Structure formats: structure tokens, C-alpha cells
Amino acid sequence: MMSEPIQEIALVIDLYEALHVAIRLVDALEVIGEESEALTVLNRALTLGSAVGMYQAFLDGGPRVEKLLTRIYDRARTSDDRSRELLPYIGSLLDRRHTRETSNPSLPLKSASGGVLSERERITLVWMSCGLSNKEIAKKLGIAPETVKSHAKNIFAKLTVKTRAEAVSRASGLGLI
């Protein structure tokens, strides 16, 4: 039987995977000319993504998904319905996508130090992606905050990043989380 922290991590990972599948479905629907259905699925995905603060699935969506995101954003700006609540989230997605395209950092296939993330480092990274502090992660995993700090330091070194946000983005882009 899985412990509660492991179950929560599994749920977060399942949400990431579900959003990636939904975005692929949106792209496929757009390809076959089912734009209305694509927009419906994308709106549902955006509602879930915004509730849990997930970005990477949308950033990886490609130009057709970006076009639909822009369309939803433009419609929401002139609407009075609940889609207006998604404006900050969608705007942030579009800004991040634009920043990503203009900076276009090359992601290594392996970490610079040649190491692969350990299971504890990967779990720590998943919790980081949820916005938890070192103390909160330590409590969830039943370890000392100093141990979490050590895992974070190893993650940063292995992914050649300097911040938590960079670590989450890099790891997600590499399919590590």
C-alpha cells in the first residue's frame, strides 16, 4: 500500500500526464478541422491547469495549440462569463511561450554532470513544481528540511540550473517529471 505522500505525488504525475494527453487531443482535433471540439477540450484543460498551476503541457502544445490559446484569450477579454477568470493564467501561458521561443535554450539529453535524478530527487522536484517550500516537502516526505535542501542542490547541479522554476521547467522538458 502506498503512503499518503506517494499517493499525492502519483496524483500530481497523473494530472501532468492527463494534461499532456488533453493537449495532444486538442492538437489532433485542430488538425482534422474540429476546432469547436478542440476549444471545448482546451477550455477544460485550462480550467484544470489553472487550478493546480501546471504550465508545461500547454507550453509543449505547439503552434496550433498556441493559436487556440490566443483565440480563447481574446474571447475571454471581451466576455462576461467565467472564462474571464482564466485571463491571467492564459496570459501567463502565452507570455511564457513567447519567452521560451525567443530565448530557445538548448536542453541537454543528459544532465551536465552526467547523473540521473534519484527517485527522492524526482519526488522532491515534483513537490517543488507544486510550489511547496523545503519545510513543507520535508514534512510530506518525513525527512529533515536540510535533506530536502541537499536534494535541491543535487537537482540544480544535475540539471545545470540556478532556480526552482528553472529546475521544474528543465525537468519537465526532459520528461523527468
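Counting from 1, the numbers follow the sequence of the chain as shown. What you are looking at is a predicted structure, and each value in this text was computed from that prediction instead of being measured.
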Is L87 reachable from M54 through a run of I, L, V, M, F, W or Y residues, each pair having side-chain heavy atoms under 4.5 Å apart?
-> yes

4.5 Å side-chain heavy-atom contact, E85 and T47 | no

Any side-chain heavy-atom pair from I23 and D60 closer than 4.5 angstrom?
-> no

Please walk me through it: do R77 and D74 pass salt bridge (Lys or Arg N to Asp or Glu O under 4.0 Å)?
-> CA-CA 5 Å; R77 285 181 24 205; D74 290 342; 3.7 Å; yes

Drop me the distance from Y73's OH to Y89's OH, to the nearest 0.5 angstrom.
-> 14.5 Å

R164 side chain to S129 side chain, donor-acceptor N/O pair below 3.5 angstrom | no

Any Y55 side-chain heavy atom under 4.5 Å of V168 side chain = no

Side chain to side chain, F58 and L19, heavy atoms closer than 4.5 Å = yes

Rounded to the nearest 0.5 Å, what's the gap from CG on L46 to CG on L69? Could you check?
-> 5.5 Å

Can you name the closest pair of heavy atoms from T124 and I137 and give their distance?
-> O-CD1, 4.0 Å

What do the steps show when you test L94 against T70 for side-chain contact (heavy atoms from CB on, under 4.5 Å), and what is the final call?
-> CA-CA 8 Å; L94 292 169; T70 302; 3.7 Å; yes

Interatomic spacing from CG in L59 to OG in S169 - rounded to 0.5 Å = 7.0 Å

Inter-residue atom distance S79.OG - I72.CD1, 0.5 Å rounding | 12.0 Å

Between S118 and E121, which heavy-atom pair has the shortest distance, and what is it?
-> N-OE1, 2.9 Å

Which atom pair, heavy atoms only, marks the closest approach of K135 to P145?
-> CG-CG, 4.3 Å

Mind checking whether I32 and V21 sit in one hydrophobic cluster, side chains of I, L, V, M, F, W, Y counted as touching below 4.5 Å?
-> no

Which pair of heavy atoms, one from K162 and one from F156, lies closest together, and at what distance?
-> O-CE1, 3.8 Å

More than 12 heavy atoms of other residues, nucleotides or ligands under 6.0 Å from NZ of K67: is that the case?
-> yes

Can you find a heavy atom in the side chain of L68 that is under 4.5 Å from one in the side chain of D27?
-> no

After noting the C-alpha distance and the side-chain angles of K140 and I123, does the key distance pass the side-chain contact (heavy atoms from CB on, under 4.5 Å) rule?
-> CA-CA 10 Å; K140 295 253 184 213; I123 291 168; over 6 Å; no

Minimum heavy-atom distance A57-H20, with the two atoms named | CA-CE1, 3.5 Å

To the nearest 0.5 Å, tell me how far I155 CD1 sits from M128 CE.
-> 4.5 Å

Report the C-alpha distance between T160 and R170 in whole Å, list the side-chain angles of each, state the deciding distance to 0.1 Å, and finish with yes or no for side chain to side chain donor-acceptor pair (under 3.5 Å).
-> CA-CA 9 Å; T160 62; R170 174 79 43 98; 3.2 Å; yes

Check whether any side-chain heavy atom of V148 sits under 4.5 Å from a side-chain heavy atom of W127, and report yes or no.
-> no

Heavy-atom closest pair, residues T78 and R84 = N-NH1, 4.1 Å

Kindly determine whether L25 and E37 satisfy side-chain contact (heavy atoms from CB on, under 4.5 Å), including the steps that lead there.
-> CA-CA 10 Å; L25 175 60; E37 186 65 23; over 6 Å; no

L125 side chain reached by L159 side chain, heavy atoms, under 4.5 Å | yes

Are the charged groups of E119 and R122 less than 4.0 angstrom apart, N to O?
-> yes

Please tell me if the side chains of V26 and L39 come closer than 4.5 Å, counting only heavy atoms from C-beta onward.
-> no

Roughly how far, to the nearest 0.5 Å, is the CD1 atom of I90 from the CZ atom of R75?
-> 11.5 Å

Same cluster (ILVMFWY, side-chain, under 4.5 Å), L93 and L48 | yes

